[in-house]
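Worksheet: one structure, shown below.
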Amino acid sequence: MERPAMLEHFAEELRLARTKREMSQAELAETSNYSAAMIAKVEACERRPSLDLARRCDTIFGTEGLFERIQRKIGRETVVGYFREWAAVEQEAKALRGFEPTYVPGLLQTEAYARAVLASSGLLTPEETEQQVVTRLNRQEILTRASPPLLTFVMDESALRRAIGGPAVMREQLLHLVKVGTTLPRVRVHVVPASAGAYAGLDGPFVIATPPVGEQVVYFEGHIHGQMVDRPDQVQHMLDVWDSVRGEALPHQQSIELIAEVAETWT
């Protein structure tokens with residue numbers, strides 16, 4: 001897989017900044033609270049830097065956001081092509097409403113769960129998997145930024161009970177859902193219980209974005225492509241589907257209690 005240009009740019013700037021300070025990789029690792037092996041892999045373009053590492057480098061070297069800006073450009077390079085337009089919409093939205101019948105929604109996934117999901121197909125190389133994991137985790141910054149969108153997620157109960165990555169991964173993931181749902185006031189998590197039987201949402205996952213300006217947009221993702229829909233009649237249809245799905249789901253607090261209960265079964 002060809003290395004993203006910005007990945008090489010980050011590595012080069014990091015080497016230059018470190019050399020200028022006469023700082024070894026081990027010294028940078030100790031100062032940044034990362035392992036020396038991680039720093040070495042970043043400089044060798046074998047590992048994509050996290051946003052946290054980029055910010056720490058800016059603080060250590062006094063580079064006024066240089067590393068953060070490069071890191072964010074790496075993110076745009078490594079996002080799957082068809083997803084880029086939606087990723088931009090997602091970041092700017094003032095509200096997001098999403099439904100997932102099979103998995104925990106990407107914006108709520110833990111690192112281990114995301115890695116298990118992305119690696120499960122066997123179609124990505126380990127390097128590609130790691131790039132996509134970091135990209136997915138970086139998208140989650142919208143949950144805790146200064147002015148987060150209003151986020152409402154509905155998932156089917158089967159997503160809580162499907163073994164992704166093993167019991168330890170599932171327990172961590174479900175406890176993460178409980179934590180997010182109880183500590184982030186702009187996030188609402190709902191579960192459609194198994195007792196609901198058949199309902200409209202089982203046709204597939206979707207996300208509805210409300211932008212700061214303009215009409216709402218719906219996103220559908222398939223195996224090899226994604227589709228954004230903004231035709232008024234189609235958006236209205238999906239709003240009707242959303243209302244139907246939301247009507248089948250448990251209230252937020254009951255959903256959190258159910259998730260916590262299922263988490264204890266993953267031991």
Side-chain angles (χ1 to χ4, degrees), residues 1-81 83-84 87-88 90-92 106-119 124-148 165-166 168-169 171-173 175-176 179-180 183-184:
M1 180 180 178
E2 184 180 353
R3 290 171 175 169
M6 284 297 153
L7 186 64
E8 295 186 341
H9 184 32
F10 189 102
E12 180 182 13
E13 291 294 339
L14 184 57
R15 286 192 296 271
L16 288 173
R18 187 172 56 74
T19 301
K20 186 176 181 180
R21 281 286 189 90
E22 298 183 345
M23 180 181 287
S24 68
Q25 288 183 343
E27 289 171 331
L28 175 57
E30 183 178 356
T31 306
S32 64
N33 201 31
Y34 277 82
S35 69
M38 171 64 77
I39 299 299
K41 287 183 178 180
V42 169
E43 288 195 4
C45 297
E46 295 176 358
R47 190 71 178 265
R48 177 182 158 179
S50 66
L51 183 59
D52 178 67
L53 175 60
R55 287 173 172 168
R56 290 178 188 230
C57 287
D58 279 324
T59 299
I60 293 167
F61 298 119
T63 40
E64 300 181 341
L66 171 66
F67 287 105
E68 180 174 345
R69 289 192 294 274
I70 299 174
Q71 196 276 344
R72 290 185 182 279
K73 289 180 180 179
I74 295 172
R76 288 193 286 273
E77 284 187 330
T78 56
V79 170
V80 178
F83 190 77
R84 287 175 185 158
E90 181 182 75
Q91 290 296 311
E92 296 176 358
L107 289 176
L108 300 181
Q109 291 179 4
T110 63
E111 180 177 349
Y113 184 95
R115 182 174 292 109
V117 170
L118 290 165
L124 298 177
T125 66
E127 181 183 11
E128 289 171 330
T129 297
E130 289 306 310
Q131 288 180 349
Q132 293 304 317
V133 167
V134 175
T135 297
R136 181 164 297 185
L137 296 180
N138 283 347
R139 286 170 49 214
Q140 296 178 5
E141 290 182 349
I142 66 173
L143 300 176
T144 55
R145 69 190 185 194
S147 299
V169 171
R171 190 170 193 278
E172 178 191 41
Q173 174 62 77
L175 292 178
H176 176 68
K179 180 180 178 180
V180 169
T183 62
L184 299 182

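Below, all heavy atoms of this structure are taken into account, side chains as well, without hydrogens, waters or symmetry copies.
Side-chain atoms of E130 and R115, non-hydrogen and from C-beta on, do get closer than 4.5 Å to each other. With a 4.5 Å cut-off on side-chain heavy atoms, C57 and T63 do not count as touching. Annotation: side chain of L66 is not in contact with side chain of F61 (no heavy-atom distance under 4.5 Å). Contact check for V42 versus M38: side-chain heavy atoms found under the 4.5 Å cut-off. Between I70 and P49 the shortest side-chain heavy-atom distance does not fall below 4.5 Å. Contact check for F67 versus R55: no side-chain heavy atoms found under the 4.5 Å cut-off. Residues P148 and L143 have side chains not in contact (no heavy-atom distance under 4.5 Å, counting atoms from C-beta outward). By the 4.5 Å heavy-atom criterion applied to side chains, R21 and L28 are not counted as neighbours.
A salt bridge does not link E27 with R18: none of the charged nitrogens is closer than 4.0 Å to a carboxylate oxygen.
Separation of atoms CZ (F10) and CZ (R69) is listed at 12.0 Å; rounding is to 0.5 Å. Atom SG of C45 is separated from atom NE2 of H9 by 11.5 Å, given to the nearest 0.5 angstrom. Taking CG of L53 as the reference point, atom OH of Y34 lies at 5.0 Å (rounded to 0.5 Å). Taking CD of Q173 as the reference point, atom CD of E111 lies at 12.0 Å (rounded to 0.5 Å). A distance of 10.0 Å separates CE of M23 from CG of L14, quoted to the nearest 0.5 Å. Once rounded to the nearest 0.5 Å, the distance linking CD of Q140 with OG1 of T110 reads 8.5 Å.
Applying the side-chain contact (heavy atoms from CB on, under 4.5 Å) rule to I142 yields the partners E90, Q91, L96, L107, R145, P149, L151; only residues at least two apart in sequence or on another chain are considered. R15 meets the salt bridge (charged side-chain N to carboxylate O under 4.0 Å, His left out) test with no other residue; sequence neighbours excluded.
The two residues D58 and E68 have their closest heavy-atom pair at OD2-N, 3.0 Å.
Judged purely by distance below 3.5 Å, without hydrogens or angles, the side chains of E43 and Q25 pair a donor atom with an acceptor atom.
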